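These numbers come from a predicted model, not from an experiment. Chain identifiers are assigned alphabetically (A, B, ...) following the order of the sequence lines, protein sequences preceding nucleic acid strands; residue numbering begins at 1 within each chain.
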Amino acid sequence: MQIFKGLCSETKCLLESGLFKNRPLFLEKISSRPCHSATPVFSSEEQEAFPFAASYSATPVLSSEEQDVFPLAARVVKSLDGQVISKMSFRNAVKVHGFPYFIDTFRVFVHVFASVGMEREVYSLLFNVVSYYQAFDLDMFELFPFLLGGKPPHPEISIAVFDVLMKVFAANSLFESGLHVFYQTKKLGLTPSIRSCNFLLKCLIGKSKADSARMLFEDLKTHGPSPNVYTYSIMMNLYCRGQNVDISQATDILEDMKKSGESPSVTTYSTYINGLCRGGFLDIALGIVREMECRKHPLNSYCYNPVISAFCQQGHLCEALEVFEGMENNGISPDHHSFGILLDGFCKQGDVENSFHLVRKMLVSGVKLNIVNYSSLLTGLCKAGLHDFSLKLFRGLSASGYKHDMISYNTLVNEFCMIGDMDSASKLLEEMIHYGYVPDSFTFGSVIRGCCEVGLLGKAKELFNVMKTVGLLPSVFVWNVIVDRICKEGDLEQALKLIYEMQDQGILPNSRTYHAIIKRLCDEKMSEKALALISIMVKFGSLHINCFNTMINGLVKQSLPREAWKACKGMLGLGISLDIVTYTVLIKLFCRTNEMEKAWFLFAGMKKRGLMPDVVTYTTMMAGYRKMGDMVRCNALADEMRRRM
DNA sequence: GTAGGGTTAG
């Protein structure tokens, strides 16, 4: 065993004999005896109990040769049960002996354990003292000089202590103190271990202290200890996670690694691949996976899962499945996440058949479905219109011992609200409250939208106020639902009033808010006002293509082709490309004016651009030809549509 | 206590 290294053979024999195992006696006595630095370490009974310790019994704990005492005391401590340390209450010991004395004893123990590499015990001791300092609001900065004890540092022991202290501070989110230990350790001419620095870095990032993390990382690169592959992977994760992916910074990490001679690991790559997928660079991500396959670089499910997820999010389930199967063909078994991602993808599309096929595969592979997977299935069944079956599954899960969570409840509540089945939604809502779940913004949003769907605007507004009363800030989604309903009911003035109100409450209207207004203005043939609103909005931020499509559609409906084209050009000028809806609206424009050649030109053009015409596009074209009496072309298009759909 | 991933609305 490593901790026996360097011990004399007699002592080693004694330790290995098991004679001194499970003897918490020593610590208990030490901590319960009022002891001064000059008091002998061992009582007479202890000298009997620990014969080998007797020869050191005259050595004071805090003598001038303190550091020589540590390894000796370590031999004694090793013979005790390590649990003693973790069970020891710093607070109680301080109560018994008083702070000034006990902290001295405590320092000795920390050093004793550090000197023999018993890091767990050092961690436990320091965790105790830091918790005490926190509870009594003491100055953490005292701990560093205190642990030094006013002496020159022992190179190995001090590093072992400060490394753990850094970790304890980091684990408790005491970052200033953690960084202080890092810089003070270096000031003493010592080098903290890169492991502890990595842990501090990871904790900083975990608590959104990105700036501090970056500063620490830069410090490590320039002044050491040199970052290792873990350090780079942690930093890679900073730039690749969450909503704000910074792919250029992430790519710089790879460059930094190259310069420093560190090779990216499969974790570094999988994190980068995740960032690429989240940042919208799916093709590059897939390219990296393929290259890793070609180069026989180690790959695992972490590399494939983000790619599968990104394809699912785009609704490209065929591609997602292809990657999933490709991964299996490469000898990498899909894990629970791989299945979960793909299952959710199928469910979001309401593809019950493929979902259940995958469920069977999961069961065959020995992967047990969890509540997350079942939540996906609940959604899938509802998306396929099988709400009753979804509810049955929901009930069956409870009967099988699964515990529903907020998400599974919210999923079903939301789906029932979406089809306006407010009775079923209310029953579930009551049930979830009965089981102790507090409706959150999502629950309220769903129910408010449900009420709006079925025309219960009064009830929706009531719930909207309840939300505010219980301290839930309605999100922009909830505001939009209300604004949308009010617009649909034709009360433009009230809708605009609400938009001011939401701004006053710090919620910025988004493209969807304005879409509701633009749609209403167009429906009321007030296209000029809608155009004016769009031009104002463009100045404030990017408008979703739906706003332009609704606008252009309104102009076409009002037979204002010139204005429609102008809006279309304006949209292109902003760098927004025409989508299937825009093409369809423009095709409708030409069909109305019997300009079928132009309509055909657009129809062919969209296909050339890779935009697949949908049912609306086909039927618009077909209606145009039928109006012209060209049944041959009309039927040809009907055949083509049947073939493609 | 040196690194990475999946579930709820328009």
Side chain of A:Asn300 - closest among B:dG4, B:dA9, B:dT2: B:dG4
Note: A:Arg485-A:Glu453 ion pair, threshold 4.0 Å (strictly below): no
Closest listed nucleotide, where the reference is the side chain of A:Arg278 and the choices are B:dT2, B:dG6, B:dG10: B:dG6
Those residues that, when tested against A:Glu291, pass side-chain hydrogen bond (donor to acceptor under 3.5 Å, both in side chains) (two or more places apart): A:Arg295
Audit row: A:Phe144, A:Phe162, ring-ring contact (aromatic ring centres under 6.0 Å, His included) steps and yes/no: CA-CA 8 Å; A:Phe144 186 90; A:Phe162 296 142; 4.1 Å; yes
Touch class at under 4.0 angstrom, heavy-atom based, for A:His336 against every strand present: base
Would you be so kind as to tabulate the donor-acceptor pairs closer than 3.5 Å made by side chains of residues 307-326 of chain A, with sequence neighbours excluded?
unit_1, atom_1, unit_2, atom_2, d
A:Gln314, OE1, A:His316, ND1, 3.1

Of the listed nucleotides B:dG10, B:dA9, B:dT2, the one nearest the side chain of A:Asn480: B:dG10
Touch class at under 4.0 angstrom, heavy-atom based, for A:Asn305 against every strand present: base
Sugar-phosphate, base or nothing in reach of A:Glu415, heavy atoms under 4.0 Å: nothing
Sugar-phosphate only, base, or nothing, as touched by A:Arg449 at under 4.0 Å among non-hydrogen atoms: sugar-phosphate
Integer-rounded Å distance: B:dG1 C1' and A:Leu125 CG: 14 Å
Touch class at under 4.0 angstrom, heavy-atom based, for A:Ser233 against every strand present: base
Candidate nucleotides B:dT2, B:dG1, B:dG6, ranked by approach to the side chain of A:Asn228 - the nearest: B:dT2
Sugar-phosphate, base or nothing in reach of A:Asp405, heavy atoms under 4.0 Å: nothing
Minimum-distance nucleotide (side-chain atoms of A:Tyr302 versus B:dG4, B:dA9, B:dA3): B:dG4
Sugar-phosphate only, base, or nothing, as touched by A:Ser375 at under 4.0 Å among non-hydrogen atoms: base
Touch class at under 4.0 angstrom, heavy-atom based, for A:Ile341 against every strand present: sugar-phosphate
Sugar-phosphate, base or nothing in reach of A:Met406, heavy atoms under 4.0 Å: nothing
Touch class at under 4.0 angstrom, heavy-atom based, for A:Thr267 against every strand present: base
Touch class at under 4.0 angstrom, heavy-atom based, for A:Val168 against every strand present: nothing
Residue A:Asn370, side-chain heavy atoms: nucleotide from B:dG4, B:dT7, B:dG6 that is nearest: B:dG6
Under-3.5 Å donor-acceptor pair between A:Ser265 side chain and B:dA3 base: yes
Flag, side chain of A:Ser131 to backbone of A:Phe127, donor-acceptor distance under 3.5 Å: yes
Nearest-nucleotide pick for A:Ser376, side chain only, options being B:dT7, B:dT2, B:dA3: B:dT7
N-O pairing of A:Lys392 and A:Asp388 below 4.0 Å: no
Nearest-nucleotide pick for A:Asn414, side chain only, options being B:dT8, B:dA9, B:dA3: B:dA9
Sugar-phosphate only, base, or nothing, as touched by A:Ser301 at under 4.0 Å among non-hydrogen atoms: base
Touch class at under 4.0 angstrom, heavy-atom based, for A:Thr443 against every strand present: nothing
Of the listed nucleotides B:dG6, B:dG1, B:dA3, the one nearest the side chain of A:Tyr123: B:dG1
Sugar-phosphate only, base, or nothing, as touched by A:Asn274 at under 4.0 Å among non-hydrogen atoms: sugar-phosphate
A:Ile371 CD1 to B:dG6 P, straight-line distance once rounded to whole Å: 18 Å
Parallel, tilted or perpendicular: ring planes of A:Tyr437 versus A:Tyr409, cut at 30 and 60 degrees: tilted
Selected nucleotide, minimal atom distance to A:Thr271 side chain, candidates B:dA3, B:dG4, B:dG10: B:dG4
